[in-house]
Amino acid sequence: MPPNFIRHIIEDDMQTGKYDGRVVTRFPPEPNGYLHIGHAKSICLNFGLSIEYNGSCYLRFDDTNPGKENIEFVNSIKEDVRWMGFNWDEHLYFTSDYFERLYAYAVELIERGNAYVDTQSAEEIRQNRGSLKAPGTDSPYRNRAKEENLELFQKMKDGEFEEGACVLRAKIDMGSPNIIMRDPALYRIRKHRHHRTNDQWCIYPMYDFAHCLSDSIEGITHSLCTLEFENNRELYDWILDALDVYHPQQIEFARLNLSYTVLSKRKLIELVEGDAVSGWDDPRMPTISGLRRRGYTPESIRNFCERIGVAKRDSLVDFALLEHCIREDLNKKAHRVMGVLNPLRVVIENYPEDQSEEMDAINNPEDKAMGTRKVPFSKVLYIEQDDFMEDPPKKFFRLGPGREVRLRYAYFVTCTNVIKDETGKVIELRCTYDPATRGGDAPDGRKVKSTLHWVSAQHAVNAEVRLYDNLFAVEKPAADDDFKATLNENSVQILKDCKVEPGLGKAEPGLACQFERLGYFCVDSRDSAPDNLVFNRIVTLRDMWAKIKKQQKFK
RNA sequence: AGAGGGUUAGUGUAGCGGUAUCACGACGGGUUCUGGUCCCGUUAACAAAGGUUCGAAUCCUUUACCCUCUGCCA
């Protein structure tokens, strides 16, 4: 991990012996949605730091709001953290495990005269809170006797009040310039079944109360969270001091923002529930499960998290960096194969009708240990429609009438004839091949300007390929009030008649490979079947020709 | 003067009083049976103004701009 301000703090603490050299962090998600790449940043930070400093990192579910949380989310979060490559060992915790202790802390706070039961309505409390510039006013119930508060809180716990009838509040300062400190609520009544404690409780601690005390109970040393909790730190410190308990150190860092997508749980939930995507694991989603299904590897995501760094300033990370990370990883690891997305039939006129032969192809030029494979060649082939132009512009090096190109690992072929349908669309090419160029090299040393990928028509396997693009059409969709209006209408394009080399027929779900000259693709883990192959495009290869085309268009 | 944070190339990030780092991107070139990879090069930044100092991105002051906070969400 490169240097960052949090590491500096930890290193200082190691020097001064602040926590006796211990480093204990935690990743504390609320199980009310799926994890996304912003969480990946936090996971890599918390687990990464604990590994680097020989400490530990706990996984704690912050499950204090039973109305929004459920077990499906708990399970998906565990799966995602594990998939990211991190291990919480035996340290799997739930805030709900501490409900009894938290309740005892609340009682103690009342006994110390630091909390009271307020029977104002939510509306009244809001009105009495004041504003950013004006102080609030004390609740009429603020100075209830200790015994009365104790009795009322007991009754809250026993279910004698309706939801909203009252709350337990910290007795701090209604005039505090920090609004968080104006007697914040600590406990509220929720007559809701909790996914772990069932109907055992009808009062639930607020995040601010539960979170800092959970950190304290667990002996967390460095409690890392995002910037929006900076204002809350004063309250955590107050609670911990009022109770005179172990005091972790909270450090805030900037949350991740990624261009062309959204990373707020609220917005992601809206996309899922509004059917803008097919689910939490839609390959266009920035969720960990979406990225996984898309074909991103844990290594690439971890690498990305390392490169974006950790700081306090708000930022917007280029999506291109994530793409760079997956290309870099897959370039080393992915098998090369040939697949044609938009097939154009090619007949090699001088190739024997019933002949076919096996060509040797390299699986990965970056790693010769990955070996070679045989690819069948025959008289009728498919090449990419984009690889032929009847009237090629400058700098188009691929096939055209009368041109010679190399078919990768096979032969040099020359286009001799172009066949069109009645609308003028090119539907077939006639070519001749040079038998002396078998394998792809010309004995006379002549060169061609381009090498094309291809598949043999009779041997090819059919596949569906889904081409993905950015979910949003603008860099900062979050800036828009109606963020859904900026969804990219062409974020997915489905191609049904793709042709891939026969070896892919038995590809396992999740397998990632490079379709040469096109990009990285993976077998969809949800929809692909042996008789119905489905590939997701993870990312395109960097594409010089695409850039040249763009430049030519602007000229 | 409501409080708390922040501001370094297009983007992200390092720097902790002594030549402004690295990565991505963009642009140009070389190698190449992938217009991929790889290699080489170019581009481009300390928000502003004062002050302290032999010397300031770094310390001090002022200003500007940005973010967060008025849930019985987290």
Side-chain angles (χ1 to χ4, degrees), chain A residues 2-4 8 28-30 32 62 64-65 67-69 118 121-122 125-127 129-136 163-169 176-182 184-190 203-204 206-208 210-211 225-234 252 254 259 265-266 306-325 327-328 331-332 336 338 361-362 364-366 395-398 405-410 412 437 439-441 447-453 475 514-519 540-548:
Chain A
N4 62 55
H8 292 320
E30 183 192 12
N32 69 339
D62 227 321
T64 57
N65 189 353
K68 290 185 175 174
E69 300 152 3
D118 195 346
S121 69
I125 288 179
R126 187 178 323 126
Q127 275 166 8
R129 190 147 30 220
S131 72
L132 291 179
K133 295 185 180 178
E163 282 191 17
C166 50
V167 290
L168 181 72
R169 287 232 258 171
S176 172
N178 181 358
I179 292 176
I180 303 283
M181 298 298 278
R182 318 237 261 232
L186 265 22
Y187 264 88
R188 78 293 211 185
I189 299 167
R190 275 293 120 86
I203 55 171
Y204 291 92
M206 298 288 292
Y207 169 86
D208 284 328
H211 194 85
C225 65
T226 45
L227 251 30
E228 66 268 28
F229 294 103
E230 268 179 323
N231 296 319
N232 303 50
R233 189 176 62 233
E234 191 181 353
E252 308 86 8
S259 59
K265 249 190 212 170
R266 193 212 100 215
E306 195 157 292
R307 289 183 196 219
I308 57 176
V310 181
K312 294 199 75 155
R313 72 189 88 109
D314 293 312
S315 60
L316 179 65
V317 174
D318 222 324
F319 200 90
L321 182 60
L322 221 205
E323 295 188 326
H324 168 80
C325 291
R327 284 192 191 109
E328 182 181 59
N331 178 49
K332 292 179 300 196
R336 270 58 170 172
M338 292 195 283
I362 295 165
N364 188 338
E366 306 298 312
K395 291 190 183 170
F396 182 88
F397 302 144
R398 281 111 94 144
V405 298
R406 171 169 37 234
L407 294 179
R408 179 134 219 209
Y409 300 127
F412 284 15
T437 57
D441 285 305
K447 303 281 182 203
V448 287
K449 293 190 89 170
S450 160
T451 299
L452 309 185
H453 62 277
E475 264 200 307
Q514 183 194 103
F515 286 11
E516 290 211 34
R517 304 209 303 131
L518 296 174
T540 61
L541 254 27
R542 286 182 65 216
D543 189 349
M544 266 304 179
W545 171 237
K547 281 182 192 172
I548 294 166

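Since the model is a prediction, treat every value here as computed from it, not as a measurement. Here is how names work: the chains are called A, B, and so on, in the same order as the sequence lines, proteins then strands, and each is numbered from 1.
Counting to the nearest Å, the P atom of B:C38 and the NE2 atom of A:His324 are 8 Å from each other. Atom CE in A:Met181 sits about 15 Å away from atom C1' in B:G2, given to the nearest Å. In this structure, A:Phe397 places its CZ atom 15 Å from P of B:U32, rounding to the nearest Å. The distance from atom CZ of A:Arg169 to atom P of B:U70 is 14 Å, rounded to the nearest whole Å. Atom CG of A:Leu316 is separated from atom P of B:C67 by 14 Å (rounded to the nearest Å).
Proximity note for A:Leu132 (side chain, C-beta onward) versus B:G2, B:G35, B:C24: the nearest is B:G2. With B:A3, B:G10, B:G4 as the choices, the nucleotide that has an atom nearest any side-chain atom of A:Pro177 turns out to be B:A3. Listed candidates were B:G35, B:U11, B:A74. Nearest to the side chain of A:Arg398 is B:G35. Residue A:Asn231 places its side chain closer to B:C69 than to any other of B:G35, B:C69, B:A14. Of the candidate nucleotides B:G4, B:G36, B:A23, B:G4 has the atom lying nearest to any side-chain atom of A:Glu230. For A:Arg313, counting side-chain heavy atoms from C-beta on, the closest listed nucleotide (B:A3, B:A14, B:C72) is B:A14. For A:Pro3, the side-chain atoms get nearest to B:A14 when compared with the rest of B:G4, B:A14, B:G36. Considering only the side chain of A:Asp543, B:G35 comes nearest among B:C69, B:G12, B:G35. In this structure, the nucleotide among B:U37, B:C72, B:C24 sitting nearest to the side chain of A:Arg129 is B:C72. Closest to the A:Glu228 side chain, of the nucleotides B:U13, B:G2, B:U68, is B:U68.
Checking A:Ala185 against A:Ala546, the closest nucleotide of RNA chain B that is more toward the 5' end is the one next to A:Ala546. Both A:Asn178 and A:Ile308 sit near RNA chain B, but only A:Asn178 has its closest nucleotide nearer the 5' end.
Base orientation at B:G28 is anti, since its O4'-C1' glycosidic dihedral falls outside 90° of 0.
Evaluated for a side chain to side chain donor-acceptor pair (under 3.5 Å) with A:Asn32, the options A:Glu69, A:Lys265, A:Arg266 yield exactly one hit, A:Lys265. A side chain to side chain contact (heavy atoms under 4.5 Å, CB included) with A:Leu407 is found for one member of A:Thr437, A:Thr451, A:Leu452 and no other, namely A:Leu452.
Residue A:His453 is out of contact with every strand shown, counting any heavy-atom pair closer than 4.0 Å. Base engagement by A:Phe396 is indicated by at least one non-hydrogen atom pair under 4.0 Å involving a base atom. The residue A:Ser315 sits close only to the backbone: its heavy atoms come under 4.0 Å of sugar-phosphate atoms, none of a base. Within 4.0 Å (heavy atoms only), A:Tyr187 reaches no atom of the nucleic acid at all. Within 4.0 Å of A:Phe229, counting heavy atoms only, lies at least one base atom of the nucleic acid. Contacts of A:Gln514 with the nucleic acid, taken as non-hydrogen atoms under 4.0 Å apart, include base atoms. Looking at heavy-atom distances under 4.0 Å, A:Arg408 makes contact with a base. Using a 4.0 Å heavy-atom distance criterion, A:Met206 is classed as a sugar-phosphate-only contact. Among the atoms of the strands shown, none is found under 4.0 Å from any heavy atom of A:Val448. A:Asp441 comes within 4.0 angstrom of a nucleotide base, judged by non-hydrogen atoms across all strands. Residue contacts for A:Ala122: at a heavy-atom cut-off of 4.0 Å it reaches a base atom on one of the strands shown. Among the heavy atoms of the strands lying under 4.0 Å from A:Asn232 is at least one base atom, whether or not backbone atoms are also near. Contacts of A:Pro28 with the nucleic acid, taken as non-hydrogen atoms under 4.0 Å apart, are absent. Base engagement by A:Leu541 is indicated by at least one non-hydrogen atom pair under 4.0 Å involving a base atom.
Under the 3.5 Å distance criterion, the side-chain polar atoms of A:Arg336 are left unmatched by any main-chain donor or acceptor of A:Glu516. In this structure, the side chain of A:Asn178 engages the main chain of A:Asn231 through a donor-acceptor pair within 3.5 Å. Between the side chain of A:Arg188 and the main chain of A:Glu163, no donor-acceptor pair closer than 3.5 Å is present.
By the 4.5 Å heavy-atom criterion applied to side chains, A:Ile179 and A:Arg129 are counted as neighbours. Counting heavy atoms from C-beta on, the side chains of A:Asp318 and A:His324 never come closer than 4.5 Å. Under the 4.5 Å side-chain criterion, counting only non-hydrogen atoms from C-beta, A:Arg517 is not in contact with A:Arg408.
A donor-acceptor contact under 3.5 angstrom links the side-chain atoms of A:Arg336 to the base of B:U34. A donor and an acceptor atom never sit less than 3.5 Å apart when one is taken from the side chain of A:Asn331 and the other from the base of B:U37. A donor and an acceptor atom never sit less than 3.5 Å apart when one is taken from the side chain of A:Arg327 and the other from the base of B:G36. The base of B:G36 sits within donor-acceptor range of the side chain of A:Glu366, with an N or O pair under 3.5 Å.
For A:Arg188 and B:A74, the shortest distance from a side-chain N or O to OP1 or OP2 is below 4.0 Å. In this model, the phosphate group of B:G36 is not approached by any side-chain N or O of A:Arg542 to a distance below 4.0 Å at OP1 or OP2. Between A:Lys547 and B:A26 there is a side-chain N or O to OP1 or OP2 distance below 4.0 Å. In this structure, A:Ser176 does not reach the B:A3 phosphate: none of its side-chain N or O atoms is under 4.0 Å from OP1 or OP2.
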